[in-house]
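Excluded from the calculations below are hydrogen atoms, water molecules and symmetry mates; all remaining heavy atoms, backbone and side chain alike, are included. Starting from 1, each residue takes its place in the sequence as its number.
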Amino acid sequence: MAATAAKAANDLFLVSPPLQKPYPLLKTPSQLPSSHFFKTLPKPFSSPTHKTLITASSKNPVSHLFSSRKANPDAKNTSNFNDEDKPHEECGVVGIYGDPEASRLSYLALHALQHRGQEGAGIVSVHNNVLQTVTGVGLVSEVFNQSKLDKLPGELGIGHVRYSTEGSSMLKNVQPFVAGYRFGSVGVAHNGNLVNYQTLRAMLEDNGSIFNTTSDTEVVLHLIAISKARPFVMRIVEACEQLKGAYSMVFLTEDKLVAVRDPSGFRPLVMGRRSNGAVVFASETCALDLIEATYEREVYPGEVLVVDKDGVSSQCLMPNPKFKASCVFEPIYFSNPTSLVFGRSVYKSRYAFGEILARVAPVECDMVISVPDSGNIAAYGYAAKAGVPYHQGLTRRSGSGRTFIEPSQKIRDFGVKLKHAAARDLLKDQRVVVVDDSIVRGTTALKIVRLIKEAGAKEVHMRIASPPIIASCYYGVDTPNREDLISNRMNDEELREFIGCDSLAFLPLESLMKYFGSDSPNYCYACFSGNYPVDPSGELDDFSDDGLNGSVE
């Protein structure tokens, strides 16, 4: 494998000067070529001795692929939803090229993307031909401080925030990953999930690859390392052509920033530009807004965008994707309300979902309230359409965090009461509509209804601004097994009785699809329908290790 890598690494890692001017960009997918860059790539760098150094400030980068840890095929997915009983996005990514404050801008952008992952964060920058990385477990503000950012100078940087299931402070899977091999190094940050990860990993291990993590992202690095394609960017293309599933990724080399989005476009990825010409990629436009970058467009499904000293170039990873399958839960729940995702305002979409609920599932009531904060905007829409006042009947207690220490069961619904407070004087003797974004296991909805009734509400009517979730997601969303999804086991009336509300209604799937109009075929509705756009059967087992579980070895 080393010999294979040596033959294919001729063009790696040229140091690029700061960007001097903005570069022209493609405007429509129809302009994407099927197999060629719009610009001519520089000639391969021919020095056989050139080698990129890597420095690290954490224990987890894959800069040297030392140890192997085989996944336990008998282990079960132990993911949970802690107190919120919500699906969780896996992560968010950012990439910056051509700004002397790349790492600090990445830090700010990760703050804006913090809602996409609260368990781990990392940044890789390039300075003097060296890829330097800082990663850690925790919030962005907990992982980074001034001294750590001082260790990340340079004009190129990528960053990552991740969500994980419950676990202790194991660092091995916190991204970005940095891999070094004979002629250079590459960093990668990944949002999504590869449904053929197990198959690819088994194939690579049979051929001698040694894995240091249990992350599917590491598979991509191995595929790049063994590729024979030239120039280096074509290694990324060749690796991605073997992937199935969801991936929005940013890669960093010594002189290049590369953004890739899977042909189905499951997860979002956008591009913007700062006033000094620096190019920025991010999972959402809210990150661009914070660092004062102007939104230009999405990275198209199946597109590879390369930024280097010669400008921005584009290549189509798959010439004619048969379908798009953008995650419908991005506008429903995951994305920041201020973001544009898949070309649509998240705020306007959620407001419209509430309006639709008021039209298709009206009920006599005195007020509309929401389960904060994810139900707020849909509740505004419901109240406006129904002509009923919106009130803040539930407030989220500041600083509640996760509930690690609970008293005995004598204090019923402790976790929900720690996070939410009901306005008793407001709710007493009132007929209340409660709007939330989704119901997963049903446990939180049950406690919320009980909390409101204990505050004195006469009637509680639940309205859910999404269709019932009946199937697991395999494209980068942490959802329970199908049998743990309450709408997969109960019809709406059974669920209403379980929750204890006076009426229950979901946003009809047909209404949701109608709202998207001509864009409707471009969304993935698998969690609502069980129809998977990329078939995961035969590729997945029950084992899923996010790398933050278990003890530190």
Smallest separation among heavy atoms of Ala121 and Val161, with atom names:
CB-CG1, 4.1 Å

Please round to the nearest 0.5 Å and tell me the distance separating atom CD1 of Ile439 and atom CD1 of Ile464.
3.5 Å

Verdict with supporting geometry, Val368 and Val435, side-chain contact (heavy atoms from CB on, under 4.5 Å)
CA-CA 7 Å; Val368 177; Val435 181; 4.0 Å; yes

Pairwise side-chain contact, Asp216 with Leu243, heavy-atom cut-off 4.5 Å (strictly under):
no

Test Thr294 against Leu288 for side-chain contact (heavy atoms from CB on, under 4.5 Å), laying out the working first.
CA-CA 7 Å; Thr294 302; Leu288 304 182; over 6 Å; no

Kindly indicate, with the supporting measurements, whether the criterion ring pair (Phe, Tyr, Trp, His ring centres under 6.0 Å) is fulfilled by Tyr474 and Tyr532.
CA-CA 9 Å; Tyr474 298 103; Tyr532 294 100; 5.4 Å; yes

Distance check, rounded to the nearest 0.5 Å: Glu298 atom CD versus Ser248 atom OG?
9.5 Å

Rounded to the nearest 0.5 Å, what's the gap from NE2 on His461 to CD on Glu459? Could you check?
4.0 Å

Hey, would you say the Tyr515 and Phe353 ring centroids sit under 6.0 Å apart?
yes

Take Arg297 and Glu303 through the salt bridge (charged side-chain N to carboxylate O under 4.0 Å, His left out) test and state the conclusion after the steps.
CA-CA 12 Å; Arg297 65 174 177 87; Glu303 185 180 18; 3.0 Å; yes

Under 3.5 Å: donor-acceptor pair, side chain of Ser335, backbone of Val341:
no

Glu218 side chain near Asn212 side chain, heavy-atom distance below 4.5 Å:
yes

Audit row: Leu427, His391, side-chain contact (heavy atoms from CB on, under 4.5 Å) steps and yes/no
CA-CA 9 Å; Leu427 298 173; His391 290 289; over 6 Å; no

Classify the ring geometry of Phe528 against Phe329: parallel below 30°, tilted from 30° to 60°, perpendicular beyond 60°.
tilted

Is the ring pair Phe266/Tyr475 parallel, tilted or perpendicular, if the boundaries are 30 and 60 degrees?
parallel

What residues, two or more places apart in sequence or in another chain, satisfy side-chain contact (heavy atoms from CB on, under 4.5 Å) together with Ser370?
Asn376, Ala379, Tyr390

Taking the side chain as every heavy atom from C-beta outward, state whether Ser511 and Val360 have any pair of such atoms under 4.5 Å apart.
yes

For a salt bridge (charged side-chain N to carboxylate O under 4.0 Å, His left out) check, start with the C-alpha distance between Lys458 and Asp502, then their side-chain angles and the critical distance, and finish with the verdict.
CA-CA 10 Å; Lys458 184 165 57 176; Asp502 294 276; over 6 Å; no

Mind running side-chain hydrogen bond (donor to acceptor under 3.5 Å, both in side chains) on Arg463 and Ser503 for me, showing each step along the way?
CA-CA 8 Å; Arg463 295 295 180 267; Ser503 73; 3.1 Å; yes

Salt bridge (charged side-chain N to carboxylate O under 4.0 Å, His left out) assessment of Asp262 paired with Lys324:
CA-CA 9 Å; Asp262 68 77; Lys324 286 178 62 178; over 6 Å; no

Does a side chain donor of either Asp437 or Ser374 reach within less than 3.5 Å of an acceptor in the other side chain?
yes

Nearest heavy-atom approach of Ala526 to Pro533 is CB-CD, 4.3 Å

Just wondering, are more than 12 heavy atoms of other shown residues or ligands nearer than 6.0 Å to CD in Gln392?
no

Should we count CD of Glu292 as having more than 12 external heavy atoms under 6.0 Å?
no

Main-chain N/O of Glu483 paired with Asn481 side-chain donor or acceptor, under 3.5 Å:
no

Looking at Arg162 and Gln118, would you say the former's side chain and the latter's main chain have a donor-acceptor pair under 3.5 Å?
no

Quick one: salt bridge (charged side-chain N to carboxylate O under 4.0 Å, His left out) pairs with a partner in residues 366-378, sequence neighbours left out?
Asp366-Arg431

Evaluate whether atom CG of Asn491 has more than 12 neighbouring non-hydrogen atoms of other residues, nucleotides or ligands under 6.0 angstrom away.
yes

Between Glu497 (side chain only) and Glu494 (backbone N and O only), is there a donor and an acceptor less than 3.5 Å apart?
no

Using a 4.5 Å cut-off on heavy atoms from C-beta on, say whether the side chain of Val94 contacts that of Val250.
no

Ser106 side chain to Gly159 backbone, donor-acceptor under 3.5 Å:
no

Could you tell me whether the side chain of Tyr247 and the main chain of Cys240 form a donor-acceptor pair under 3.5 Å?
yes

Taking atom types as modelled, find out whether Gln175 and Thr135 have a side-chain donor-acceptor pair closer than 3.5 angstrom.
no

Please lay out, stage by stage, how Glu330 and Arg116 fare under the test salt bridge (charged side-chain N to carboxylate O under 4.0 Å, His left out).
CA-CA 10 Å; Glu330 290 286 351; Arg116 299 185 73 88; 2.9 Å; yes

Counting N and O atoms only, with roles assigned by atom type, does the side chain of Asn488 sit under 3.5 Å from a partner on the main chain of Arg482, one being a donor and the other an acceptor?
yes

Looking at side-chain heavy atoms only, is the closest gap between Leu495 and Phe506 below 4.5 Å?
yes

For Lys385, does the NZ atom sit with more than 12 other heavy atoms under 6.0 Å from it, leaving out its own atoms?
no

Test item: Ser339 side-chain N/O and Cys286 main-chain N/O as donor-acceptor pair under 3.5 Å
yes

Donor-acceptor pair, distance only, cut-off 3.5 Å: does the side chain of Arg261 make one with the backbone of Val299?
yes

Any donor-acceptor N or O pair under 3.5 Å, side chains His115, Glu284:
yes

Point-to-point distance, once rounded to the nearest 0.5 Å, from SG of Cys527 to CD1 of Ile469
5.5 Å

Look at the side chain of Arg450 and the backbone N and O of Ala445, then say whether any donor-acceptor pair between them is shorter than 3.5 Å.
no

Close side-chain approach of Met490 and Phe498, heavy atoms under 4.5 Å
yes

Is there side-chain contact between Leu200 and Leu223, with heavy atoms separated by less than 4.5 Å?
yes

According to the interplanar angle, ranging from 0 to 90°, do the rings of Phe516 and Tyr525 count as parallel (below 30°), tilted (30 to 60°) or perpendicular (above 60°)?
tilted

Identify the two heavy atoms, one from Ala109 and one from Ile291, that lie closest to each other, and give their separation to 0.1 Å.
N-CG2, 4.0 Å

dist Ile452:CD1 -> Met462:CE (nearest 0.5 Å) comes out at 7.5 Å

Please report the interatomic distance CD1(Ile448) to NZ(Lys419), rounded to the nearest 0.5 Å.
11.0 Å

Is any side-chain heavy atom of Pro176 closer than 4.5 Å to a side-chain heavy atom of Val188?
no

Name all residues meeting the salt bridge (charged side-chain N to carboxylate O under 4.0 Å, His left out) criterion together with Glu493; count only those two or more places apart in sequence or in a different chain, and write none if there are none.
Arg496

Verify side-chain contact (heavy atoms from CB on, under 4.5 Å) between Ile158 and Val93, making sure each step is shown before the conclusion.
CA-CA 7 Å; Ile158 60 173; Val93 301; over 6 Å; no

